[in-house]
2 protein chains.
Amino acid sequence: MPDAELLRLDHQVCFSLHAASRAFGGVYRDALKDLGLTYPQYLVMLVLWEHGPQPVKTIGERLRLDSGTLSPLLKRLETAGLVRRERSSEDERSVTVQLTPAGDELRARALPVPRRMLAATGLTIEELRTLQGLLGRVTSALDEA
Amino acid sequence: MPDAELLRLDHQVCFSLHAASRAFGGVYRDALKDLGLTYPQYLVMLVLWEHGPQPVKTIGERLRLDSGTLSPLLKRLETAGLVRRERSSEDERSVTVQLTPAGDELRARALPVPRRMLAATGLTIEELRTLQGLLGRVTSALDEA
DNA sequence: GGCCATTTAATTGCGCACAACTTAGTTGCG
DNA sequence: CGCAACTAAGTTGTGCGCAATTAAATGGCC
């Protein structure tokens with residue numbers, strides 16, 4: 001395949017992913033507005049709801065985000081009264097993040113969000129899993145490169 | 001399917017997309033470093049290489065970006081000497097963006113980028129097209145919601 | 001015990017995304 | 001014609017993503 005045609009395909013693929021990511025972001029923005037959460041903040045809350053108290057480091061590994069992104073984000077969640085941060089006593093370098101009662105209660109209000117999102121995508125659960133599988137493969141491959 | 005399980009699936013799907021988008025961004029960052037372009041700047045250049053001089057509005061429609069994003073981005077491309085912006089004479093509201101000779105010459109150096117990206121994804125061209133198709137469907141559906 | 005590499009967070013700086021608003025130019029309608 | 005509605009860019013403010021740097025704590029090793 002000639003370079004020029006590849007350049008056009010590249011245009012389409014990278015644009016598709018970029019656009020899809022932003023389209024998702026937009027719909028999540030609407031769905032999460034009532035909860036007062038942004039999309040990345042929602043990701044952090046999902047991790048805390050699912051895995052409980054954990055250090056910043058662990059959250060970063062699960063979401064592939066570094067402290068430059070997480071530190072201010074967590075500070076905003078703390079200001080909103082959803083999480084509490086405290087230095088670990090065993091390892092003074094580590095900061096453990098845990099939900100406040102308000103943060104825990106927010107989970108109930110977040111439960112309907114995924115169903116709304118699922119409907120908005122227009123895909124079946126099967127197709128969603130396929131998409132997720134493809135994206136996972138791509139991400140692993142890209143992470144190695 | 002119960003809400004709680006959907007919440008977990010949602011975690012996985014939205015995270016997958018978010019992660020894939022950022023993984024792509026990272027690899028593009030490396031591939032484009034030599035050209036002095038960021039990933040969104042590359043998208044704008046692709047549009048200009050393919051479609052020639054056009055108003056900011058048109059670029060925004062093609063990439064689904066608004067003036068709040070494009071204005072400073074185009075200003076940086078202009079500072080870098082890659083594009084020129086000038087008010088249209090027929091419609092003084094409109095600003096036409098066109099490539100400078102340097103911007104045009106950059107195209108040759110960008111030609112090998114897609115092949116590198118294709119290799120980095122580890123997918124065949126067929127799979128890429130499938131992914132693109134799925135993402136396109138999702139994006140249209142989400143845009144309507 | 002003292003030194004050094006490593007680890008964990010936080011901070012700084014830059015660019016992108018988007019909402020809300022502003023400014024200037026155009027169009028349409030009475 | 002004149003004025004309201006609309007349109008194209010730009011500006012401002014907030015938050016995310018990431019590279020680079022800093023600060024503090026830990027662990028290993030002599």
Side-chain angles (χ1 to χ4, degrees), chain A residues 14-15 17-30 32-33 36-45 54-61 63-80 83 85-97 142-143, chain B residues 14-15 17-30 32-33 36-45 54-61 63-80 83 85-97 142-143:
Chain A
C14 71
F15 166 71
L17 197 86
H18 204 59
S21 177
R22 286 185 294 120
F24 254 99
V27 179
Y28 269 112
R29 200 188 325 284
D30 288 345
L32 296 172
K33 199 162 43 188
L37 293 176
T38 66
Y39 180 44
Q41 287 166 9
Y42 172 66
L43 292 178
V44 170
M45 294 300 285
Q54 56 197 292
V56 174
K57 163 96 165 133
T58 306
I59 299 176
E61 282 167 357
L63 299 178
R64 297 196 210 285
L65 291 172
D66 68 3
S67 65
T69 300
L70 285 175
S71 288
L73 188 157
L74 289 169
K75 214 175 277 187
R76 282 186 283 271
L77 288 181
E78 189 172 42
T79 302
V83 307
R85 292 183 304 157
E86 63 183 34
R87 291 268 157 200
S88 162
S89 47
E90 310 111 43
D91 186 341
E92 290 282 339
R93 291 170 304 182
S94 178
V95 169
T96 299
V97 181
L142 290 175
D143 276 349
Chain B
C14 70
F15 165 71
L17 197 84
H18 204 60
S21 177
R22 287 182 295 119
F24 255 99
V27 179
Y28 269 112
R29 200 188 326 283
D30 287 346
L32 296 172
K33 199 163 43 187
L37 293 176
T38 66
Y39 180 44
Q41 287 167 7
Y42 172 66
L43 291 178
V44 170
M45 293 299 285
Q54 56 198 292
V56 174
K57 162 98 165 133
T58 304
I59 299 176
E61 282 167 358
L63 298 179
R64 299 196 210 286
L65 291 173
D66 69 2
S67 66
T69 299
L70 284 176
S71 287
L73 189 156
L74 288 169
K75 212 176 279 186
R76 282 186 283 272
L77 288 181
E78 190 173 40
T79 302
V83 307
R85 292 183 303 156
E86 63 183 32
R87 290 266 157 201
S88 162
S89 46
E90 310 111 41
D91 187 340
E92 289 282 337
R93 293 170 303 180
S94 178
V95 169
T96 299
V97 181
L142 291 175
D143 275 349

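Since this is a predicted model, take the numbers as computed values, not measurements. What you see below is based on every heavy atom in this structure, not just the backbone, and it leaves out hydrogens, waters and symmetry mates. First the proteins, then the strands, lettered A, B, ... as listed; each starts at 1.
Position along DNA chain D of the nearest nucleotide to A/D91 versus A/Q41 favours A/Q41 as the more 5'-ward residue. Where A/G68 and A/S89 meet DNA chain D, the nucleotide closest to each residue was compared, and A/G68 sits on the side nearer the 5' end. A residue-by-residue look at A/L70 and A/H18 shows that A/L70 has its nearest nucleotide of DNA chain C further toward the 5' end. Of the two residues near DNA chain C, B/S67 and B/L73, the one whose nearest nucleotide lies more 5' is B/L73.
Taking 4.5 Å as the limit, some side-chain heavy atom of A/M45 sits within range of a side-chain heavy atom of A/V83. Two residues are said to be in side-chain contact when any heavy atoms from C-beta on lie closer than 4.5 Å; B/C14 and B/L17 fail this criterion.
Rounding to whole angstrom units, CG of residue B/D30 and P of D/dA19 are separated by 8 Å. Between B/K57 atom NZ and D/dA9 atom P the separation is 8 Å, expressed in whole Å. Between B/R87 atom CZ and C/dT23 atom C1' the separation is 10 Å, expressed in whole Å. Computed from coordinates, the B/R64 CZ to C/dA17 P distance equals 14 Å when rounded to whole Å. Rounded to whole Å, atom P of D/dG17 lies 9 Å from atom CG of A/L63. Counting to the nearest Å, the P atom of D/dC18 and the NZ atom of B/K33 are 15 Å from each other. At whole-Å resolution of the value, CD in A/E90 and P in C/dT7 are 19 Å apart. Rounded to whole Å, the distance from CD on A/E61 to P on C/dT8 is 8 Å.
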**Request:** Before giving the answer on side chain to side chain contact (heavy atoms under 4.5 Å, CB included), spell out for A/R85 and A/V56 the whole-Å C-alpha distance, their side-chain angles and the decisive distance to 0.1 Å.
**Result:** CA-CA 9 Å; A/R85 292 183 304 157; A/V56 174; 5.5 Å; no
**Message:** Quick one, A/Q41 with A/L32, criterion side chain to side chain contact (heavy atoms under 4.5 Å, CB included). Give me CA distance, side-chain angles, the key distance, then yes/no.
**Reply:** CA-CA 10 Å; A/Q41 287 166 9; A/L32 296 172; over 6 Å; no
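Residue contacts for A/S71: at a heavy-atom cut-off of 4.0 Å it reaches a base atom on one of the strands shown. Among the heavy atoms of the strands, none lies under 4.0 Å from B/P72. Using a 4.0 Å heavy-atom cutoff across all strands shown, A/S94 reaches sugar-phosphate atoms only and no base atom.
Distances shorter than 4.0 Å separate some side-chain N or O of A/R85 from OP1 or OP2 on C/dA10. In terms of phosphate contacts, B/K75 brings no side-chain nitrogen or oxygen within less than 4.0 Å of OP1 or OP2 of D/dG10.
Contact record, A/Y42 with A/L37: CA-CD1, 4.2 Å, taken as the closest heavy-atom pair.
Within the 3.5 Å criterion, the main-chain N or O of B/K33 finds no donor-acceptor partner in the side chain of B/D30.
Checking D/dA9, C/dA9, D/dC18 against every side-chain atom of B/R22, the shortest atom distance belongs to D/dC18. Listed candidates were D/dT26, D/dG17, C/dA19. Nearest to the side chain of A/T69 is D/dG17. Listed nucleotides: D/dA19, C/dA9, C/dT26. Nearest to the side chain of A/D66: D/dA19.
A donor N or O paired with an acceptor N or O is not found under 3.5 Å between the base of C/dT26 and the side-chain atoms of B/R93.
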